[in-house]
A.B. asks: 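This structure is in structure tokens; I'll ask about it shortly.
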Number of protein chains: 2
Amino acid sequence: MSSDRKQRTDGVRTREAIVREAVSLATVDGLEGLSIGNLAHALDMSKSGIYAHFGSKQDLQLATVDEAARIFHSEVIEPALAAPAGLDQVVAVCDAFFDHLGRRTFPGGCFFAGAVLEMGTRPGPVKEQIAEFQTGFTAVIRQFVVTAIDRHQLPDDVDPDALAFELNGIILATNAHFVIHQDPAVLEMAKQVVRRRVGVTTTTSSG
Amino acid sequence: MSSDRKQRTDGVRTREAIVREAVSLATVDGLEGLSIGNLAHALDMSKSGIYAHFGSKQDLQLATVDEAARIFHSEVIEPALAAPAGLDQVVAVCDAFFDHLGRRTFPGGCFFAGAVLEMGTRPGPVKEQIAEFQTGFTAVIRQFVVTAIDRHQLPDDVDPDALAFELNGIILATNAHFVIHQDPAVLEMAKQVVRRRVGVTTTTSSG
DNA sequence: CCTACCGATCGGTAGG
DNA sequence: CCTACCGATCGGTAGG
């Protein structure tokens, strides 16, 4: 009974360890470049140890994207939701993303920025999952903008889709610059660019 | 004599054909995922036919990045330089990029947007070449902005680095959206976002 | 530019 | 979770 639970728990832990390592490796080698052999070696186990938890590479990829989404949610979305509703959340979601980069959660920067470009030309369930995440993240930013307009913290004539698009652009430009130049200064610069863009004059608070 | 020149010309042509196909394949499979065997098959030749022109995969990657830069220059930078100096060039370089996407030059969208994220964690000459391109492109946009400020087409207090950064962000967000959603409508939307951002009220002219 | 080959690694399976 | 194995493909070389 307790041994049965212990086994289940260990199995779950191993699965979690696999999927976490897979997310990290995928930001370096890509979701296609991620190999079962490499992953097994990094975890000090055999390839069939991986196949005991995932039936195929695509299954592993789907679980990897799922885990990456979970991490993104807890490191970027949740901190933003903790801020006061309205313009504060617009700024907070960008700041949280920049902090996510700055703490070097993954060696290759934002998991999804890379995954979108890598899987865009590869139709299938993995691409669909990534596209859904992308749509969802843009929708979150857009909703923050809409609330800020409702509360008259942004002008009435602001186009929420356009501003969400621009903020997503600042996020992507920051990620690209950070990944290729390994330059933490861009994170502070990006925070100020966001503030100027939405008309906030407060100085940077974190990072 | 003429046969000697013909041979040299054919060799050059084959090399150009290889490198062009390599750029296209690399926007789908990445610069690492690009394989000599795949490339040879796409060109109906043998692997050793590739090795007759490039000593190693890294040599091929360097030539591929070089060719991608050449194509980018002719499709994005040159059209912008043809526009009147100042704010027109700021808008023109963005428009030219969106047209570059719209005409589907490569299946995977912008070569460099993908290459930056893929090679960012892989130190070496290929990464350096990509980083230099990235720096150069940002510098071009920045110079267009500086000229626009000099000519009082943009306010004096505009930060050229910040605006160039934002415009690069709009470009990256457009590429990501276009690649994952295959949605040409985003190109028109992006053109209008750029115009609003720099205070131009003219309607879109191309695309 | 070709054929033929090298050792290494790929995703995946059999059998335990 | 393991060892041992499958056919296919990888980057690269020998010899022509």
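Residue numbering restarts at 1 for every chain, and letters A, B, ... go by the order of the sequence lines.
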A.B. asks: Whole Å only: how far is the OH atom of A:Tyr51 from the P atom of C:dT13?
C.D. replies: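 It is 7 Å, rounded to the nearest whole Å.
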A.B. asks: Nearest heavy atom decides the nucleotide; on that basis, is A:His53 or B:Gly55 closer to the 5' end of DNA chain D?
C.D. replies: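 Looking at DNA chain D, the more 5' nearest nucleotide goes with A:His53.
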A.B. asks: Rounded to the nearest Å, what distance is computed from the CD1 atom of residue B:Ile50 to the P atom of nucleotide C:dC2?
C.D. replies: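 It works out to 9 Å between those atoms.
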A.B. asks: Looking at B:Val90 and B:Ala148, what are the two nearest heavy atoms and their distance?
C.D. replies: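 Heavy atoms only, the tightest pair is CG2-CB, 4.5 Å.
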A.B. asks: Is A:Leu39 touching bases, backbone alone, or none of the nucleic acid, heavy atoms closer than 4.0 Å?
C.D. replies: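 Result for A:Leu39 = nothing.
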A.B. asks: Measure up the B:Phe133 and B:Phe112 rings against each other and bin them: parallel (under 30°), tilted (30 to 60°), perpendicular (over 60°).
C.D. replies: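 Parallel.
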A.B. asks: Could you give the distance from CG (B:Asn175) to NE2 (B:His100), rounded to the nearest 0.5 Å?
C.D. replies: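 B:Asn175 atom CG to B:His100 atom NE2 measures 8.0 Å (nearest 0.5 Å).
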A.B. asks: Without decimals, in angstroms, what is the distance between A:Gln58 CD and C:dG11 C1'?
C.D. replies: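 Rounding to the nearest Å, CD of A:Gln58 and C1' of C:dG11 are 13 Å apart.
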A.B. asks: Of B:Arg15 and B:Lys47, whose closest DNA chain C nucleotide lies nearer the 5' terminus?
C.D. replies: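 With B:Lys47 and B:Arg15 compared, the 5'-side residue is B:Arg15.
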A.B. asks: Go ahead and name the base partner of D:dG16; Watson-Crick or wobble counts if both distances stay under 3.5 Å, otherwise write none.
C.D. replies: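 D:dG16 is paired, partner C:dC1.
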A.B. asks: Quick one: list whatever passes ring pair (Phe, Tyr, Trp, His ring centres under 6.0 Å) with A:Phe137, sequence neighbours left out.
C.D. replies: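 For A:Phe137 the ring pair (Phe, Tyr, Trp, His ring centres under 6.0 Å) partners, ignoring immediate neighbours, are A:Phe72.
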A.B. asks: Roughly how many Å is it from CD1 in B:Ile36 to P in D:dC10, rounded to a whole number?
C.D. replies: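 These atoms are roughly 9 Å apart.
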A.B. asks: What is the distance, to the nearest angstrom, from the CG atom on B:Leu25 to the P atom on D:dC10?
C.D. replies: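 About 11 Å, once rounded to whole Å.
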A.B. asks: Please report, rounded to the nearest Å, how far the C1' atom of C:dC10 is from the CG atom of A:Leu34.
C.D. replies: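 Answer to the nearest Å: 12 Å.
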A.B. asks: Compare the minimum distances between each of C:dG12, D:dT13, D:dC2 and the side chain of A:Ser56, then state the nucleotide with the smallest one.
C.D. replies: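 Selected nucleotide: C:dG12.
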A.B. asks: Between D:dG11, C:dC2, D:dC2, which nucleotide gets closest to the side-chain atoms of B:Lys57?
C.D. replies: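 Shortest atom-to-atom distance from the side chain points to D:dG11.
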A.B. asks: How many whole angstroms separate atom NE2 of B:His41 from atom P of C:dT3?
C.D. replies: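 Checked: the NE2 to P distance equals 14 Å.
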A.B. asks: What's the closest nucleotide to the side chain of A:Ser35 if the choices are C:dC10, D:dT13, D:dC2?
C.D. replies: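 Looking only at heavy atoms from C-beta outward on A:Ser35, the closest nucleotide is C:dC10.
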A.B. asks: Indicate, with a heavy-atom threshold strictly under 4.0 Å, whether B:Ser48 touches base, sugar-phosphate, or nothing.
C.D. replies: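 The answer is base, as B:Ser48 lies within the cut-off (heavy atoms under 4.0 Å) of a base atom.
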A.B. asks: Any idea which of C:dG11, D:dG11, C:dC10 is nearest the A:Asn38 side chain?
C.D. replies: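 Minimum distance to the A:Asn38 side chain belongs to C:dC10.
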A.B. asks: Rounding to a whole Å, what distance do you find between A:Asp29:CG and D:dC10:P?
C.D. replies: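 The answer, rounded to whole Å, is 17 Å.
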A.B. asks: Choosing from D:dC2, D:dG11, C:dT3, which nucleotide comes nearest the side chain of B:Ser46?
C.D. replies: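 Comparing D:dC2, D:dG11, C:dT3 against the side chain of B:Ser46, the answer is C:dT3.
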A.B. asks: Would B:Glu128 and B:Met119 count as a side chain to side chain contact (heavy atoms under 4.5 Å, CB included) if you check the C-alpha gap in whole Å, the side-chain angles of each, and the deciding distance to 0.1 Å?
C.D. replies: CA-CA 9 Å; B:Glu128 292 313 310; B:Met119 302 305 284; over 6 Å; no
A.B. asks: Name the pairing partner of D:dC6, where a pair is Watson-Crick or G-U wobble with both distances under 3.5 Å, or state none.
C.D. replies: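 D:dC6 is paired with C:dG11.
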